[in-house]
Novice: 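The structure that follows is given in the form of structure tokens.
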Amino acid sequence: MIHRYFPHTSGDIAAMLAKCGMACLDDLYADVPDSLKLKGDYNVPSSMSEEEVRAYFRDLADSNLPLTCFAGSGFYDHYAPAVINHIISRSEFLTAYTPYQPEISQGTLQYIFEYQTMMTELTGLDVSNASMYDGSTAVAEAMLMAVAHARKRNRVLVSSTLNPIYIDVINTYARYHGVKVDLIPEADGVTDLGAMESMLADGDVAGVILPSPNCYGILEDFTGVADKVHAAKALLIITSPASVLGVIKTPGEWGADVAAGDAQSLGMPLNFGGPYLGYMCCTSALIRKLPGRIVGATTDASGQRTFVLTLQAREQHIRREKATSNICSNQGLMTLYAAVYLSLMGAEGLREVNEISACRTRQLVKKLEETGLFEQKYPGKPYLNEVTMRYKGKAALDILLSTVCADYGILPGVQIDDDTVVFCATERRTVEEVDALAVALTAAHDDVKDIES
């Protein structure tokens, strides 16, 4: 058996204690009052061998119910090339966390540089960072960036069609930074741009945050929006799942100043909620307001290409109160994951992923409408791989959906209202799985209706 980890031997411990000038491990706690020391044994289970531990966790994993995923709402079940896990497990990447010493961190610095380059191409903006936890914190940091840029203005307009998780995090950030958040109302499933224009006219707006696709899966049209936002001396922030930027109009093309969101859709497994990766890109004029690290390419004393940290506006490097952000993790492994995924898929691969997803979602809509239980909530609105459907059946919707999960092994979308579900079909879903979803919903509806009656 290959042992990846070895404990310290008695000799190792004795050598370390001697180096510290101590005779035994108890000497390490000599300054701790005796009254605070534990007198009995730890309340921990009996020890297990390595094989017993593996078997224990295998049994736990086997108790999970694998589900065919038709849920989205910000987190998507996309295909990932098998080689990704091999590449990100290489020691020069996996163990090289910090890029502070460029002479020994070229692997880390290079993949951050490549990631930043690909994200600027994907968003159509000039600069990318590499230090956001996830999409919600990235968008919230973009809000703070707009307020910092505006200086004396602290009001931010946020579309009501933004992912509700993002809105919650934005409100939390705003509460403790003295930012006033006003929600732009929606009209027929999209941002009410007329209302936005009126709110801009009230003044004191630092930034406007808009989504596309939005929380209903609708691709919003932001034609002329940038001109109106900039006329009010505010910044335009657009958020999208990273993957769809391979086929839809980019934030840069809409005239946005900042693009922020989640990069999880770049092949990262759902994995019970993470870890994920937030992205943020901006125009070159805002580079000094951009939180996180920025890696640049240069040449060393021998004339060879090399990589270095160029801007580090974080609290590790400057006074805390001057930092653009206090997020400390570089999310380095996830940055590497996204860089490998993008380099393997390329522009053609991203297009193919989205084309298949769009095709499957349209098949899904057709099958659901044929059941007679669902209809599109916003017919005629453009969508990509996510769509909002209204339930017309007689059974309780929440019980219906949970029955499909438990009895048919399908996660059938995300319920957002008493009669509304957001469904998503990525390129991983097959025609047969779409058919199975329609059959399961129909059968579960009959079962639940009979029980309720």
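For reference, positions follow the sequence shown, starting with 1.
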Novice: Quick one, Ser128 with Thr123, criterion side chain to side chain contact (heavy atoms under 4.5 Å, CB included). Give me CA distance, side-chain angles, the key distance, then yes/no.
Specialist: CA-CA 9 Å; Ser128 169; Thr123 60; over 6 Å; no
Novice: Hey, does Arg360 have a side-chain heavy atom less than 4.5 Å from the side chain of Leu364?
Specialist: no
Novice: Quick one, Lys289 with Cys282, criterion side chain to side chain contact (heavy atoms under 4.5 Å, CB included). Give me CA distance, side-chain angles, the key distance, then yes/no.
Specialist: CA-CA 9 Å; Lys289 299 294 183 183; Cys282 68; over 6 Å; no
Novice: Between Ile209 and Ser159, is any pair of side-chain heavy atoms under 4.5 Å apart?
Specialist: no
Novice: Any salt bridge linking Glu253 with Lys249? Criterion: basic side-chain nitrogen under 4.0 Å from a carboxylate oxygen.
Specialist: no
Novice: Give every residue pair that meets the ring pair (Phe, Tyr, Trp, His ring centres under 6.0 Å) criterion with at least one member in residues 274-293, sequence neighbours excluded.
Specialist: Phe75-Tyr276
Novice: Can you check whether Ser47 reaches Glu52 side chain to side chain, under 4.5 Å on heavy atoms?
Specialist: no
Novice: Tell me if a side-chain donor or acceptor on Tyr115 pairs with a main-chain N or O of Leu342 at a distance below 3.5 Å.
Specialist: no
Novice: Please check: side-chain N/O of Thr137 versus main-chain N/O of Met132, any donor-acceptor pairing under 3.5 Å?
Specialist: no
Novice: Any chance the side chains of Ser357 and Asn354 put a donor and an acceptor closer than 3.5 Å?
Specialist: no
Novice: Under the 3.5 angstrom rule, does the side chain of Gln116 hit a backbone N or O of Val295 as a donor-acceptor pair?
Specialist: yes
Novice: Is there a donor-acceptor contact under 3.5 Å from the side chain of Thr426 to the main chain of Asp77?
Specialist: yes
Novice: Measuring from atom CG of Asn385 to atom CZ of Arg429, what distance do you get when rounded to the nearest 0.5 angstrom?
Specialist: 12.0 Å
Novice: How about CD on Glu352, more than 12 heavy atoms from neighbouring residues, nucleotides or ligands closer than 6.0 Å, or not?
Specialist: no
Novice: Rounded to the nearest 0.5 Å, how far does CD1 of Ile88 lie from CZ of Arg90?
Specialist: 12.5 Å
Novice: Do Thr283 and Leu125 pass the side chain to side chain contact (heavy atoms under 4.5 Å, CB included) test, and can you show the C-alpha distance, the side-chain angles, and the key distance before you say yes or no?
Specialist: CA-CA 6 Å; Thr283 60; Leu125 291 168; 4.0 Å; yes
Novice: Take atom NZ in Lys366; do more than 12 heavy atoms of anything else shown fall under 6.0 Å from it?
Specialist: no
Novice: Testing the basics here: between Asp221 and Leu193, what is the closest heavy-atom pair and its distance to 0.1 Å?
Specialist: O-CD1, 3.7 Å
Novice: To the nearest 0.5 Å, tell me how far Asp182 CG sits from Met196 CE.
Specialist: 13.5 Å
Novice: More than 12 non-hydrogen atoms from neighbouring residues, nucleotides or ligands closer than 6.0 Å to NE2 on His78, yes or no?
Specialist: yes
Novice: Has the side chain of Asp419 got a donor or acceptor atom that lies under 3.5 Å from a matching backbone atom of Arg390?
Specialist: no
Novice: What distance do Thr191 atom OG1 and Leu210 atom CG have between them, rounded to the nearest 0.5 Å?
Specialist: 5.5 Å
Novice: Within the distance-only criterion (no hydrogens, no angle test), does the side chain of Asn214 pair as donor or acceptor with the backbone N or O of Glu220 below 3.5 angstrom?
Specialist: no
Novice: Which heavy atom in Leu67 sits nearest to a heavy atom in Cys405, and how many Å separate them?
Specialist: CD2-O, 3.7 Å
Novice: Given Cys215, which of Pro164, Ser160, Ser73 fulfils the side-chain contact (heavy atoms from CB on, under 4.5 Å) condition?
Specialist: Pro164
Novice: Test Asp204 against Asn154 for side chain to side chain contact (heavy atoms under 4.5 Å, CB included), laying out the working first.
Specialist: CA-CA 7 Å; Asp204 201 31; Asn154 68 337; 3.6 Å; yes
Novice: Tyr76 side chain to Gly74 main-chain N or O, any donor-acceptor pair under 3.5 Å?
Specialist: yes
Novice: On the 0 to 90° scale, with breaks at 30° and 60°, tag the Tyr173-His177 ring pair as parallel, tilted or perpendicular.
Specialist: parallel
Novice: Check whether any side-chain heavy atom of Glu433 lies under 4.5 Å from a side-chain heavy atom of Leu437, and answer yes or no.
Specialist: no
Novice: Decide yes or no for His230 and Asp257: does some side-chain heavy atom of the first lie under 4.5 Å from some side-chain heavy atom of the second?
Specialist: yes
Novice: Is the shortest heavy-atom distance from the side chain of Val169 to the side chain of Val139 under 4.5 Å?
Specialist: no
Novice: Counting distance only, does the side-chain N/O of Arg362 pair as donor-acceptor with the main-chain N or O of Ala358 below 3.5 Å?
Specialist: yes
Novice: Can you give me the closest heavy-atom contact between Gly261 and Ala138, atom names plus distance?
Specialist: O-CB, 3.9 Å
Novice: Which of parallel (below 30°), tilted (30 to 60°) and perpendicular (above 60°) describes Phe113 and Phe307?
Specialist: tilted
Novice: Using 0.5 Å steps for rounding, measure from the CG atom of Asp126 to the SG atom of Cys281.
Specialist: 9.5 Å
Novice: Which atom names give the shortest non-hydrogen contact between Ala339 and Met118, and what distance separates them?
Specialist: O-CE, 3.4 Å
Novice: Distance alone, cut at 3.5 Å: any donor-acceptor contact between the side chains of Glu114 and Ser343?
Specialist: no
Novice: Hey, is the main chain of Val247 close enough, under 3.5 Å, to the side chain of Arg351 for a donor-acceptor pair?
Specialist: no
Novice: Looking at every non-hydrogen atom in both residues, tell me the closest pair between Ser265 and Ser243 and how far apart they are.
Specialist: OG-N, 2.9 Å
Novice: Closest heavy-atom contact between Pro412 and Leu441?
Specialist: CB-CD2, 4.4 Å
Novice: Is it the case that the side chain of Thr361 and the backbone of Cys424 share a donor-acceptor pair, with hydrogens and angles ignored and the cut-off at 3.5 Å?
Specialist: no
Novice: Looking at Arg58 and Glu51, is any side-chain nitrogen of the basic one under 4.0 Å from a carboxylate oxygen of the acidic one?
Specialist: yes
Novice: Name all pairs fulfilling the ring pair (Phe, Tyr, Trp, His ring centres under 6.0 Å) condition that reach into residues 383-408, sequence neighbours left out, sorted by first residue then second.
Specialist: Phe374-Tyr391
Novice: Taking the side chain as every heavy atom from C-beta outward, state whether Val181 and Met143 have any atom pair closer than 4.5 Å.
Specialist: yes
Novice: Out of curiosity, Gln264 CD to Asp134 CG, how far, rounded to the nearest 0.5 Å?
Specialist: 10.5 Å
Novice: Do Ile84 and Tyr341 come close enough that some side-chain heavy atom pair is under 4.5 Å?
Specialist: yes
